[in-house]
**Student:** 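Here it is, the structure in full.
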Number of protein chains: 2
Amino acid sequence: MAPQNSSAASRVDPLTLEVVELIGTVVARYHEEYEVAAGKHALTGAQARVLGLLSLEPMPMRRIAQKLKCEPSNVTGIVDRLEARGLVERRPDPADRRVKLAAPTEEGLRTARSLRESLDFAREPLAQLSREERLSLRGLLRRMLGEA
Amino acid sequence: MAPQNSSAASRVDPLTLEVVELIGTVVARYHEEYEVAAGKHALTGAQARVLGLLSLEPMPMRRIAQKLKCEPSNVTGIVDRLEARGLVERRPDPADRRVKLAAPTEEGLRTARSLRESLDFAREPLAQLSREERLSLRGLLRRMLGEA
DNA sequence: TATTGTTATACTCTATAACTATA
DNA sequence: TATAGTTATAGAGTATAACAATA
C-alpha cells in the first residue's frame with residue numbers, strides 16, 4: 001500500500017495529506033517487516049497470522065475466519081498447510097461435534113514465539129522515541145481510532 | 001495484519017507494546033479502507049495501486065514492479081487486466097523500443113480520482129484531531145521513521 | 001432447519017525460469 | 001552481452017456454491 005502522494009490535494013489540507021502519507025509509510029514498513037519475519041520461518045503472511053492467533057488461544061475454524069475477515073473455506077487450506085508442517089493440529093470440540101478446534105503444537109508455539117521476537121517493529125522504530133513521546137503517540141493514535 | 005496483543009511481553013515495555021498494537025490497528029484499518037475503496041470500482045488492491053501510481057505519472061512496466069516491490073512478470077498480468085477494462089494503455093517509448101510505457105486512459109484517470117476521494121482514511125480518523133495534534137503526530141511519525 | 005467445516009471451482013497475485021526483441 | 005517485457009508454470013490466498021455431519 002504505497003502512499004499515493006496525492007496531486008488530488010483538492011479538498012484536504014496539506015498537513016493532513018502529509019500525515020496520511022506518513023501513515024502510509026508506516027503501513028508499508030509494518031507489512032514488509034511482517035512478511036520478512038514470516039519468511040524467515042518459511043511461512044506466508046496468512047500462515048504467520050493464523051499461527052500467531054492460535055498461539056494466544058486455540059479456536060474453531062470459523063472464528064479464525066472471522067479474525068482474518070475472510071471466508072471460512074479459505075481457513076481450511078491455511079490450517080491444512082500449517083498442520084502438514086506440524087505447527088498446528090485440529091482437535092474435536094467436546095461441546096459440539098461439528099466444531100474443530102485448531103491449536104498450535106509445541107513446535108508451533110516455539111515458532112510463534114520466535115516469530116514475535118523477530119518482529120522488531122516493536123523496538124526499532126519506537127526506540128527512537130522517548131517515553132514521553134511514546135505516551136504522546138499513544139494518546140494521538142487512540143484519539144484517531146476513536147478509542148479514547 | 002491483526003495486532004497480536006502479545007502475551008510474549010517478555011522484553012519490551014508495556015507502553016511500547018501498546019503503541020505497537022495501536023499501530024497494528026491503524027494498519028488493519030488502512031487496509032480495509034483501501035480494499036473497500038478498490039472494491040467499489042471492482043478493482044483488486046494491486047490493480048488500484050497500479051492505477052493510482054500511473055495516474056501520477058506514466059511509467060515503464062519495470063518501474064511499476066519496483067514500486068510494487070514485486071517481480072516484473074507480475075506486472076504484465078495486472079496491467080493486462082487494467083488494459084482489458086480500458087483504464088490503462090501501453091505506449092511505446094520513443095527513446096527505447098524495448099520499453100513500454102503504461103499510462104492511464106481518460107477513464108482510468110477518472111477512476112483513479114474517484115478512488116482517491118473514496119479513500120476517506122485521509123479525513124475520517126484524522127478529522128478527530130486538532131491542527132496542533134496533527135502537527136504533533138506528524139513530528140512523531142517522522143521521528144519514528146527516521147526522516148527528521 | 002440452521003450451522004460447522006469441507007470440497008470443488010475459478011480468479012488474482014506471487015516467484016522462478018525461459019523466451020523475444022531490442023540495446 | 002545485457003536489458004525490457006513477456007510467457008509458462010506452480011503455489012498460495014480469495015470468494016462462491018454445494019455438500020456431509022451435527023445441532
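Chain letters run A, B, ... following the sequence lines, proteins first and then strands; every chain starts at 1. The structure presented is a predicted model; accordingly, all values stated were derived computationally and were not measured.
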**Student:** To the side chain of B/Val99, which of D/dT14, D/dA12, D/dG5 is closest?
**Tutor:**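 Given the options D/dT14, D/dA12, D/dG5, the side chain of B/Val99 is closest to D/dG5.
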**Student:** A/Arg90 near the nucleic acid: base, sugar-phosphate alone, or nothing, with a heavy-atom cut-off under 4.0 Å?
**Tutor:**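 If one applies the 4.0 Å heavy-atom cut-off, A/Arg90 turns out to touch the sugar-phosphate alone, with no base involved.
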**Student:** Got a second to check how far B/Leu68's CG is from B/Asn74's CG, nearest 0.5 Å?
**Tutor:**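 Reported value, rounded in 0.5 Å steps: 9.0 Å.
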**Student:** Among C/dT12, D/dT7, C/dG5, which nucleotide has an atom closest to any side-chain atom of B/Arg81?
**Tutor:**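 Closest nucleotide to the B/Arg81 side chain: C/dT12.
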**Student:** Between D/dG5 atom P and B/Met59 atom CE, what is the distance in whole Å?
**Tutor:**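 It works out to 12 Å between those atoms.
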**Student:** When you match A/Asp96 and A/Asn74 each to their closest nucleotide on DNA chain D, which lands nearer the 5' end?
**Tutor:**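 Nearest-nucleotide comparison on DNA chain D picks A/Asn74.
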**Student:** In terms of side-chain heavy atoms of B/Lys100, which of D/dA15, D/dG5, C/dC13 is nearest?
**Tutor:**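 Output: D/dG5.
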**Student:** Nearest nucleotide by nearest heavy atom, which residue falls closer to the 5' end of DNA chain D, A/Pro72 or A/Ala95?
**Tutor:**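 Closest to the 5' end, via its nearest nucleotide, is A/Pro72.
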**Student:** With the side chain of A/Arg98 defined as its heavy atoms from C-beta on, choose the nearest nucleotide among C/dC13, C/dT4, D/dA4.
**Tutor:**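 When the side chain of A/Arg98 is considered, C/dT4 is the closest of C/dC13, C/dT4, D/dA4.
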**Student:** Among B/Glu133, B/Glu18, B/Glu21, exactly one meets salt bridge (Lys or Arg N to Asp or Glu O under 4.0 Å) together with A/Arg142. Which residue is that?
**Tutor:**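 It is B/Glu18, the one option of B/Glu133, B/Glu18, B/Glu21 that forms the salt bridge (Lys or Arg N to Asp or Glu O under 4.0 Å) with A/Arg142.
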**Student:** CZ of A/Arg62 versus P of C/dA2: gap in Å, rounded?
**Tutor:**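 Taking CZ of A/Arg62 and P of C/dA2, I get 14 Å after rounding.
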**Student:** Could you state the CE-C1' distance from B/Met61 to C/dT20, rounded to the nearest angstrom?
**Tutor:**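 Atom-to-atom, B/Met61 to C/dT20, this comes out as 15 Å.
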**Student:** Taking CD from A/Gln66 and P from C/dT3, how many angstroms apart are they, rounded to a whole number?
**Tutor:**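 Between P of C/dT3 and CD of A/Gln66: 12 Å.
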**Student:** From the options D/dA12, D/dG5, C/dT12, select the nucleotide whose nearest atom is closest to the side chain of B/Thr44.
**Tutor:**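 The answer is C/dT12, which lies nearest to the side chain.
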**Student:** Under a 3.5 Å distance rule, please check whether A/Arg91 uses its side chain to pair with a backbone N or O of A/Pro58 as donor and acceptor.
**Tutor:**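 Flag not set: sc A/Arg91 to bb A/Pro58 has no pair under 3.5 Å.
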**Student:** With a 4.5 Å cut-off on side-chain heavy-atom distances among I, L, V, M, F, W and Y, is there a chain of contacts connecting A/Leu129 to B/Val19?
**Tutor:**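 Cluster IDs for A/Leu129 and B/Val19 match.
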**Student:** Given C/dA23, C/dT7, C/dA15, identify the nucleotide with an atom nearest to the side chain of A/Thr76.
**Tutor:**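 So the side chain of A/Thr76 is nearest to C/dT7.
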**Student:** What is the distance, rounded to the nearest whole Å, between atom CG of A/Leu68 and atom P of D/dA12?
**Tutor:**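 In whole Å, D/dA12 P lies 16 Å from A/Leu68 CG.
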**Student:** When hydrophobic residues are tied together by side-chain contacts of less than 4.5 Å, even through go-betweens, does B/Val26 share a cluster with B/Val36?
**Tutor:**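 Different clusters.
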**Student:** With a 4.0 Å cut-off on heavy atoms, is B/Asp93 in touch with a base, just the backbone sugar-phosphate, or nothing at all?
**Tutor:**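 The residue B/Asp93 makes no contact with any strand.
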**Student:** Please report, rounded to the nearest Å, how far the C1' atom of D/dA12 is from the CZ atom of A/Arg85.
**Tutor:**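 So the two atoms are 13 Å apart, to the nearest Å.
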**Student:** Do the non-hydrogen side-chain atoms of A/Leu137 and B/Leu22 ever get within less than 4.5 Å of each other?
**Tutor:**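 Not in contact.
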**Student:** What does A/Arg97 touch in the nucleic acid at a heavy-atom separation under 4.0 angstrom: a base, only the sugar-phosphate, or nothing?
**Tutor:**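 Sugar-phosphate, no base atom in range.
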**Student:** B/Arg49 CZ to C/dT14 C1': how many Å, rounded?
**Tutor:**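 Result: 12 Å.
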**Student:** Return the nearest nucleotide to the side chain of B/Glu71; candidates are D/dT14, C/dT16, D/dG5.
**Tutor:**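 So the nucleotide nearest the side chain must be C/dT16.
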**Student:** Give one of base, sugar-phosphate or nothing for A/Ser73, where a contact means two heavy atoms less than 4.0 Å apart.
**Tutor:**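 Base, at least one base heavy atom under 4.0 Å.
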**Student:** Tell me: NZ of B/Lys69 to P of C/dA15, nearest whole Å?
**Tutor:**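 So the two atoms are 12 Å apart, to the nearest Å.
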